[in-house]
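For reference, the structure is listed below as structure tokens.
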Amino acid sequence: MAETKSRSKRLITTVGIIFLVLGIILYFVKEPMGLNRKIYDLPVFLIIIGICAAIKGFMAKDKTEEEAALAGKTFTEFLTNNAILIAMLVLVVVICILQPRFMQIRVALDILTQSSTKLIMALGICFALLIAGTDLSAGRMVGLAAVISASMMQTATYANRFFPDLPQVAVWIPIVAAVLACMVCGALNGFLVAKYEMHPFIATLATQVMIYGACSLYFDMPPNNSQPIGGIRPDFAQIGQLRLFNGLWKGFPGISILILISIVICIAIWFILNKTVFGKNVYAIGGNREAAVVAGINVFRNIMFIFILASFLYGIAGVLEAARTAGATNNYGNGYETDAIAACVVGGVSMSGGIGKVGGIVMGVLIFTVIQYGLQFINVSPMWQQVIKGVIIAVAVAIDLTKYRRK
């Protein structure tokens with residue numbers, strides 16, 4: 001029995017050690033053998049994967065014989081549930097063969113940077129999905145936050161200032177203003193859903209249109225007159241463009257501060273969903289709202305807080321987008337909500353409510369970003385990229401519905 005218990009742990013640990021040793025060997029022999037331009041940073045990736053696998057194997061819980069037998073029976077189900085992840089790994093291998101430059105630390109960091117604001121949005125929208133709803137206003141809130149923050153953060157010497165007479169305010173003031181504006185919109189979403197039991201699709205569709213209209217009116221105010229907002233102050237742009245540990249070793253581009261911000265927010269949302277009463281209430285409401293009411297959960301208050309918290313995250317994402325691009329227009333965030341919803345579904349968040357994990361959402365966002373970035377890297381037509389993206393969404397939803405019917 002002990003042999004059965006430790007078999008899976010030993011397998012994972014052994015695979016990790018093999019990857020680690022292979023990565024170390026390639027790292028030291030690639031330069032003498034002239035492989036620098038053929039395998040690039042592949043040894044570093046193998047070392048990282050090996051260390052992670054070894055740690056996972058070492059810390060994994062022992063399985064009983066019954067659990068091990070069950071794992072064997074559900075191997076086909078495992079392949080089905082992880083079909084998109086497996087397809088992504090195959091695609092990455094193909095891209096690396098076609099274009100070895102894809103195997104660079106710089107590329108990986110670019111993918112993580114591009115994923116950061118998308119991940120923050122997805123973490124916000126997952127709350128609506130967990131209660132079997134959605135939020136179509138998320139992208140427009142990103143645009144609203146970007147326009148408000150950027151309009152107040154222009155340099156004093158910029159010719160086309162949004163507010164010509166506005167003094168140079170502290171950086172935190174426009175950030176707070178932008179996030180609060182989004183939270184007001186989120187409160188409106190929550191009120192419509194909780195008070196009138198309006199379906200989140202309709203409620204957030206209505207607020208989406210209102211937010212875009214209000215943002216466009218603000219953006220069209222004279223003297224700006226719908227001109228793209230530029231001339232962003234360097235101290236604000238640094239929030240989205242700063243790279244830490246730049247030049248730590250030769251050729252290392254540094255880690256974007258956006259990556260670190262998204263990691264902190266991931267940890268915070270994981271804690272909220274898994275370690276707080278509110279998080280448990282979210283899953284309960286999504287699983288069975290009537291049962292949650294009977295159990296004494298204040299559904300009105302929790303739904304209000306769900307949409308306000310989500311809008312807070314959209315506001316943060318919008319501010320970071322404005323800082324990263326050093327500008328904004330009223331079209332910022334257009335369509336972002338569909339990508340965020342798709343990433344959540346691909347990451348295992350059930351559209352039927354009550355099921356979803358932060359780790360899955362992170363994986364879903366990364367899958368979409370890797371596929372999009374990788375296809376661009378090998379010059380695949382944007383039209384084909386849209387086809388592939390649509391197929392991924394359709395397959396993910398089909399798998400989600402299949403799992404729900406089984407349960």
Side-chain angles (χ1 to χ4, degrees), residues 110 113-121 124-125 135-186 188 207-243 256-259 261-262 265 310-340:
D110 284 345
T113 301
Q114 290 187 20
S115 300
S116 298
T117 51
K118 297 176 182 178
L119 176 58
I120 294 171
M121 265 202 71
I125 218 163
D135 193 344
L136 299 182
S137 65
R140 292 307 185 186
M141 286 195 213
V142 169
L144 178 65
V147 168
I148 291 175
S149 58
S151 67
M152 300 172 67
M153 280 282 101
Q154 294 175 296
T155 57
T157 57
Y158 188 65
N160 189 31
R161 291 191 70 197
F162 199 98
F163 295 112
D165 300 324
L166 182 70
Q168 298 294 286
V169 298
V171 174
W172 64 268
I173 293 177
I175 294 175
V176 171
V179 173
L180 284 177
C182 290
M183 292 175 72
V184 170
C185 298
L188 177 59
T207 54
Q208 176 198 55
V209 177
M210 287 189 287
I211 293 167
Y212 180 60
C215 182
S216 297
L217 288 171
Y218 179 83
F219 187 65
D220 192 46
M221 286 171 52
N224 190 65
N225 297 322
S226 296
Q227 297 299 310
I229 301 173
I232 301 301
R233 283 166 41 180
D235 54 344
F236 179 69
Q238 280 286 86
I239 298 174
Q241 299 176 3
L242 178 65
R243 287 188 173 272
S256 171
I257 192 171
L258 294 177
I259 298 174
I261 293 173
S262 63
I265 292 176
S311 62
F312 169 80
L313 294 175
Y314 307 150
I316 295 295
V319 170
L320 293 177
E321 276 290 283
R324 182 180 68 86
T325 59
T329 73
N330 62 327
N331 283 319
Y332 265 42
N334 183 27
Y336 280 23
E337 68 280 352
T338 56
D339 288 344

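All residue numbers refer to positions in the sequence shown, counting from 1. These figures come from a predicted structure and were not determined experimentally. Computation of the quantities below employed the complete heavy-atom set of this structure, encompassing side-chain atoms and omitting hydrogens, waters and symmetry-equivalent molecules.
- The two residues Thr155 and Pro234 have their closest heavy-atom pair at CG2-CD, 4.2 Å.
- To the nearest 0.5 Å, atom CG of residue Leu313 and atom OG of residue Ser262 are 12.0 Å apart.
- A side-chain N or O of Tyr218 and one of Ser151 form a donor-acceptor pair less than 3.5 Å apart.
- Ser116 contributes atom OG, which lies 8.5 Å from atom CG of Leu320 (distance to the nearest 0.5 angstrom).
- At a threshold of 4.5 Å between non-hydrogen side-chain atoms, the residues Asp339 and Lys118 do not count as touching.
- Note: Phe312 CZ to Leu180 CG = 9.5 Å, rounded to the nearest 0.5 Å.
- In this structure, Arg324 and Ile239 have side chains that are not in contact, with every pair of non-hydrogen atoms separated by 4.5 Å or more.
- Here the shortest heavy-atom pairing between Tyr314 and Ala138 reads CZ-CB, 3.5 Å.
- A heavy-atom distance below 4.5 Å is found between the side chains of Ser256 and Ile259.
- With contacts defined as side-chain heavy-atom distances shorter than 4.5 Å, the pair Tyr336/Arg140 does not qualify.
- Using a 4.5 Å heavy-atom threshold, the side chains of Arg161 and Leu166 count as touching.
- Residues Val319 and Pro174 fail the side-chain proximity criterion, which asks for heavy atoms closer than 4.5 Å.
- Nearest heavy-atom pair, Ile125 versus Glu337, reported as atom, atom and distance to 0.1 Å: CD1-O, 3.8 Å.
- Judged as a salt bridge (charged side-chain N to carboxylate O under 4.0 Å, His left out), not a single pair has a partner in residues 215-229 (not counting sequence neighbours).
- Counting only heavy atoms from C-beta outward, the side chains of Gln168 and Asp235 never approach each other to under 4.5 Å.
- With hydrogens and angles disregarded, a donor-acceptor distance shorter than 3.5 Å links the side chain of Gln154 to the backbone of Gly230.
- Nearest heavy-atom pair, Met141 versus Cys185, reported as atom, atom and distance to 0.1 Å: CE-CB, 3.9 Å.
- Taking CZ of Phe219 as the start and CD1 of Ile148 as the end, the distance is 13.0 Å to the nearest 0.5 Å.
- Looking only at side-chain heavy atoms (C-beta outward), Phe162 and Met152 stay at 4.5 Å or farther from each other.
- Side chains of Ser137 and Asp135: a donor on one and an acceptor on the other come within 3.5 Å.
- The two residues Cys215 and Gly143 make their nearest non-hydrogen contact at SG-O, 4.0 Å.
- Taking each heavy atom of Cys182 and Ala145 in turn, the nearest pair found is SG-CB, 3.7 Å.
- Here CD of Gln241 is found 10.0 Å from CD1 of Ile232. Values are rounded to the nearest 0.5 Å.
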Exercise for review: Carefully, step by step, assess Asn160 and Asn224 under the rule side chain to side chain contact (heavy atoms under 4.5 Å, CB included).
Suggested key: CA-CA 7 Å; Asn160 189 31; Asn224 190 65; 4.1 Å; yes
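- When each of Thr207, Leu217, Asn334, Asn331 is checked for a side-chain contact (heavy atoms from CB on, under 4.5 Å) with Tyr212, only Asn331 meets the rule.
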Point to revise | Pair Thr329-Val147, side chain to side chain contact (heavy atoms under 4.5 Å, CB included): steps then yes or no | key: CA-CA 6 Å; Thr329 73; Val147 168; 5.8 Å; no
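- In this structure, CD on Gln114 lies 11.0 Å from CG on Leu258, to the nearest 0.5 angstrom.
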